[in-house]
4 protein chains.
Amino acid sequence: MRARTFTESGRRAQIVRAAIEVIAEAGYLKASFSRIAKHAGLSSTGMISYHFAGKEDLLKACVTEIEEVTGAFMQPRIDAAVGHVAQLRAFVESNVELVGEHPAEIRALIDLVKNAGSQSGAVNGRLALFEEHFRTGHAAGAFGPLDARTTALALTAGLDAVVATAAANVPEPAELTRIGRELADLFVRATAPETTGEPE
Amino acid sequence: MRARTFTESGRRAQIVRAAIEVIAEAGYLKASFSRIAKHAGLSSTGMISYHFAGKEDLLKACVTEIEEVTGAFMQPRIDAAVGHVAQLRAFVESNVELVGEHPAEIRALIDLVKNAGSQSGAVNGRLALFEEHFRTGHAAGAFGPLDARTTALALTAGLDAVVATAAANVPEPAELTRIGRELADLFVRATAPETTGEPE
Amino acid sequence: MRARTFTESGRRAQIVRAAIEVIAEAGYLKASFSRIAKHAGLSSTGMISYHFAGKEDLLKACVTEIEEVTGAFMQPRIDAAVGHVAQLRAFVESNVELVGEHPAEIRALIDLVKNAGSQSGAVNGRLALFEEHFRTGHAAGAFGPLDARTTALALTAGLDAVVATAAANVPEPAELTRIGRELADLFVRATAPETTGEPE
Amino acid sequence: MRARTFTESGRRAQIVRAAIEVIAEAGYLKASFSRIAKHAGLSSTGMISYHFAGKEDLLKACVTEIEEVTGAFMQPRIDAAVGHVAQLRAFVESNVELVGEHPAEIRALIDLVKNAGSQSGAVNGRLALFEEHFRTGHAAGAFGPLDARTTALALTAGLDAVVATAAANVPEPAELTRIGRELADLFVRATAPETTGEPE
DNA sequence: AATGAATGAGACTTCATTCAT
DNA sequence: TATGAATGAAGTCTCATTCAT
């Protein structure tokens with residue numbers, strides 16, 4: 001448990017940034033140490049091994065970094081929303097809008113999630129969050145009697161797919177906003193309680 | 001454009017089958033020619049290169065093969081359904097049930113689709129199909145005024161995710177049926193027209 | 001369990017020979033795949049990996065090869081000797097004389113044994129052989145009441161050291177013969193029964 | 001030729017101690033600067049390179065350190081013995097008993113001697129000592145008409161092997177004493193003059 | 001139609017050493 | 001005196017592909 005030097009933090013950050021960009025541009029499969037080193041302007045792959053315990057360690061650092069960036073954008077918007085339905089909407093819409101701000105990070109994250117698979121705590125974390133949200137939301141009358149797990153699975157995957165497609169070819173901000181609203185509408189309809197009472 | 005001899009067809013089929021099994025068991029990343037050759041009982045990878053133009057060619061053949069298998073299961077069920085909503089439901093339910101019949105093929109296909117990415121005609125084919133389905137369905141009053149593209153994207157991805165999860169750890173047939181129905185419900189609600197009139 | 005082609009056997013033998021020579025000249029530590037490949041006139045280290053499962057596999061093949069060579073030289077001489085003492089003498093003398101015939105193999109084997117350590121069955125095999133020889137020899141009145149294990153350990157190591165030194169700078173045949181006889185005398189004296197009766 | 005400050009001496013000693021322990025535990029091959037630095041609680045390998053001219057220098061320092069420790073144990077016992085035979089016996093027995101006192105140092109030394117090879121002055125020093133001892137001992141009538149060099153070579157190697165085996169799995173003190181005596185007997189018999197006169 | 005051999009690039013990792021601070 | 005950063009070579013191994021037979 002050693003404190004990190006300024007230089008080390010800087011190098012680590014530089015390498016992580018390079019890795020994210022490489023993954024975004026060339027894909028997870030092509031994100032080799034050589035490619036990342038070249039992209040980062042490093043003379044050798046040994047440098048990366050020096051700063052990271054291994055490939056897994058580097059990729060974990062990438063995920064963490066991206067999650068910080070995306071969290072900083074999305075979390076305030078989600079927190080500002082009141083009620084389960086509004087929060088679901090805020091999550092979806094801010095996630096789609098995020099594409100306009102950090103397309104590379106988004107592309108990389110989605111590729112990481114796809115390939116790193118279930119190892120990463122990131123995916124399962126969000127999945128569990130959604131699941132719990134649908135459960136408590138149903139109790140509060142915001143959602144119908146859903147199979148929370150299946151619903152969470154389907155909607156997070158659907159969200160990812162839309163976001164990934166948008167990130168691959170970033171549209172105008174207005175179009176992005178429209179897509180986000182459209183998708184949120186879709187999800188809200190999908191999860192709405194059958195009888196239209198006075199939810200929350 | 002030379003006709004294929006029987007032997008050649010046999011060898012190709014044998015290799016494709018081995019490749020599918022390897023992908024299902026070890027994942028796309030580990031599906032190297034050596035591994036596939038070993039699984040197929042071939043003594044060298046040269047055999048594979050001889051029968052397929054390259055790795056991409058082999059993978060494409062795998063996708064085609066799997067699609068035939070899955071199509072044979074799903075298509076009759078979809079054709080038997082009348083109306084846009086019922087067809088959507090049939091697609092979803094039969095796809096989930098398919099997991100019980102061909103888990104390996106499903107696992108492989110999903111891995112292929114994830115990694116082969118947007119190159120594959122398969123994904124885009126289904127996507128276009130869904131898109132068109134939502135468009136014509138709206139015109140027929142079966143679906144609401146959806147953004148067909150976004151909806152198709154989200155729902156196919158959501159379906160894949162549920163199927164992939166089920167395939168990774170195949171549940172009882174009854175549970176599979178329940179999940180399929182649950183998911184179909186979700187999708188039908190999501191795409192339903194707002195005013196409950198007399199759709200189709 | 002596939003039969004080996006002529007070509008494959010040839011290549012394997014060629015690589016093993018190169019490996020033995022490299023180990024003899026540069027030592028176990030420096031015997032890298034690149035060095036061996038270069039010595040064998042191969043264009044890449046991949047070739048070695050193609051024919052051998054790994055470094056361990058190659059080294060094992062080297063040991064086997066060397067044991068065949070040395071066995072072919074020593075075994076007849078040992079078998080020709082009658083009685084425990086004469087056999088011990090034959091072993092020692094033929095082992096030392098062997099240096100004149102196959103210095104490289106001897107150098108390599110000793111380095112392999114030193115570094116591969118107790119993994120190899122070779123060392124322990126010979127050790128057990130000596131141990132058993134001293135035990136049965138004692139029962140037959142040829143040797144004194146020795147601690148068979150300690151004796152076997154000390155004498156095999158002593159033999160190796162003398163052989164290794166000779167192999168490092170091969171002397172004239174006559175001198176080699178003299179050293180072998182001297183060493184055999186030493187060992188025979190060391191293991192002789194205290195009372196000089198009529199052994200065997 | 002600059003005198004060493006106290007701190008420098010301390011650091012050097014610390015590193016040497018760590019190196020010895022690493023070699024004893026993990027073996028010569030695994031004793032990399034990183035591993036040694038980690039074991040010594042140093043944060044970088046640079047520290048080692050700073051204090052030692054190179055790897056060889058460090059290893060030489062290890063050998064020197066170990067020889068001091070072993071010398072302190074063995075030398076008094078050897079000096080206390082009177083006559084060539086008794087001294088040979090004292091050397092062997094104290095060396096084997098030493099295993100009970102400093103197993104790590106012994107393990108490390110043996111690994112160093114094996115791998116550092118003939119470069120080290122240590123081995124050749126002891127070898128020359130033995131050789132001279134046998135020569136003068138013969139003149140004094142204590143030993144037979146031996147080939148001093150060959151005998152020295154064989155016996156030192158035999159001693160090392162027994163010691164190494166004991167060090168790898170340290171036995172009870174009594175057993176250690178027994179092994180030492182057994183080995184000394186072996187060596188005394190091996191070197192005894194043929195006619196039993198009045199040696200010394 | 002098939003095969004085994006060969007290729008060369010590239011993967012990740014570890015190493016001993018140097019150097020500026 | 002000490003340190004962390006950087007280097008570049010070398011390590012073993014796997015890969016998809018080509019080619020002569």
Side-chain angles (χ1 to χ4, degrees), chain A residues 2-12 29-37 42-58, chain B residues 4-8 10-12 29-37 42-58, chain C residues 2-8 10-12 29-37 42-58, chain D residues 4-8 10-11 29-37 42-58:
Chain A
R2 178 175 52 80
R4 277 191 192 125
T5 313
F6 173 76
T7 314
E8 166 152 12
S9 294
R11 267 278 178 264
R12 277 182 67 99
L29 286 170
K30 303 289 185 60
S32 66
F33 274 18
S34 349
R35 211 185 255 251
I36 294 169
L42 301 175
S43 62
S44 81
T45 68
M47 188 78 278
I48 300 179
S49 287
Y50 175 75
H51 285 285
F52 296 88
K55 189 158 198 183
E56 202 175 339
D57 189 29
L58 170 57
Chain B
R4 281 189 190 127
T5 66
F6 173 74
T7 315
E8 170 159 357
R11 272 273 182 265
R12 278 182 63 98
L29 286 169
K30 303 286 185 62
S32 67
F33 274 20
S34 334
R35 213 185 252 252
I36 294 168
L42 302 175
S43 59
S44 101
T45 66
M47 186 80 276
I48 301 179
S49 288
Y50 177 76
H51 283 287
F52 296 88
K55 189 158 199 185
E56 204 175 341
D57 188 29
L58 168 58
Chain C
R2 176 176 54 80
R4 279 191 190 124
T5 314
F6 172 75
T7 315
E8 165 152 13
R11 268 277 180 263
R12 276 182 66 98
L29 287 169
K30 302 289 186 58
S32 67
F33 275 18
S34 346
R35 213 186 254 251
I36 295 169
L42 301 175
S43 64
S44 80
T45 69
M47 189 76 278
I48 300 179
S49 288
Y50 175 75
H51 285 286
F52 295 88
K55 188 157 199 182
E56 204 174 339
D57 190 29
L58 171 57
Chain D
R4 279 188 192 130
T5 66
F6 174 76
T7 314
E8 172 160 357
R11 271 274 181 263
L29 285 169
K30 303 288 185 60
S32 67
F33 276 18
S34 334
R35 214 185 250 252
I36 294 168
L42 302 175
S43 59
S44 102
T45 66
M47 185 80 276
I48 301 178
S49 287
Y50 178 75
H51 283 288
F52 296 88
K55 190 160 197 184
E56 202 175 340
D57 188 29
L58 168 59

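In what follows, chains are A, B, ... by sequence order, proteins preceding strands, each numbered from 1.
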* Which residues satisfy the side chain to side chain contact (heavy atoms under 4.5 Å, CB included) test with C:S32, sequence neighbours excluded? -> C:S34, C:R35

* To do: Give a yes or no on whether a donor-acceptor pair under 3.5 Å exists between the nucleobase atoms of F:dA5, that is its base, and the side chain of A:Y50.
  => yes

* Asked: What's the CD1-P distance between B:I48 and E:dA1, to the nearest Å?
  -> 18 Å

* Asked: How is the base pairing of DNA chain F summarised as a dot-bracket string, given the Watson-Crick and G-U wobble criteria with both distances under 3.5 Å, [ ] for crossing and | for another strand?
  -> .||||||||||||||||||||

* Asked: Between B:L29 and A:G46, which has a closest nucleotide on DNA chain F that is more 5'?
  -> A:G46

* To do: Could you pick out which residue, C:K30 or D:L42, lies toward the 5' side of DNA chain F when each is mapped onto its nearest nucleotide?
  => D:L42

* To do: Kindly indicate whether the side chain of A:I36, heavy atoms from C-beta on, has any atom under 4.5 Å from the side chain of A:L58.
  => yes

* Give a yes or no on whether the backbone of A:H51 and the side-chain of A:R12 come within a donor-acceptor separation of less than 3.5 Å. => yes

* Asked: Can you tell me how far C1' of F:dC15 sits from CE of C:M47, to the nearest Å?
  -> 14 Å

* Pairwise distance CZ(D:F52) to CZ(D:R11) - rounded to 0.5 angstrom -> 11.5 Å

* **Spacing of D:F52 atom CZ relative to F:dT1 atom P, expressed in whole Å** => 14 Å

* Asked: So does B:T45 get a side-chain nitrogen or oxygen closer than 4.0 Å to the phosphate oxygens (OP1/OP2) of F:dA16?
  -> no

* Asked: What is the minimum heavy-atom distance between B:G46 and B:S44, and which atoms define it?
  -> N-OG, 3.0 Å

* Structure fact -> Separation of E:dT14 atom C1' from D:I36 atom CD1, nearest Å, is 14 Å

* Please check the phosphate of E:dA2 (OP1 and OP2 only) for any side-chain N or O of B:H51 closer than 4.0 Å. => yes

* Asked: Does the side chain of A:L29 reach to within under 4.5 Å of the side chain of B:L29, using non-hydrogen atoms?
  -> yes

* Asked: Would you say E:dT3 has OP1 or OP2 under 4.0 Å from some side-chain N or O of B:S44?
  -> no

* Whole-Å distance separating the CZ atom of D:R35 from the P atom of E:dT13 -> 16 Å

* What is the distance, rounded to the nearest whole Å, between atom CZ of A:F33 and atom P of E:dT13? -> 5 Å

* Asked: When you check the phosphate oxygens OP1 and OP2 of F:dT1, does a side-chain N or O of D:R11 lie under 4.0 Å from one of them?
  -> no

* Structure fact -> Assign each of A:A53 and C:S43 the nucleotide of DNA chain E bearing its closest heavy atom; nearer the 5' end lies the nucleotide of C:S43

* Which pair of non-hydrogen atoms, one from A:A37 and one from A:I48, has the smallest distance, and what is that distance? -> N-CD1, 3.8 Å

* **Considering all heavy atoms, the nearest C:G54-C:F33 contact** => C-CZ, 4.0 Å

* To do: Please state how far atom NZ in A:K55 lies from atom C1' in E:dG10, giving the value in whole angstrom units.
  => 11 Å

* To do: Taking only the side-chain nitrogens and oxygens of A:S34, find out if one of them lies under 4.0 Å from OP1 or OP2 of E:dG10.
  => no

* Which whole-number value in Å describes the distance from D:D57 CG to E:dA16 P? -> 14 Å

* Asked: Within the pair B:S49 and F:dT18, is there a side-chain N or O less than 4.0 Å away from OP1 or OP2?
  -> no

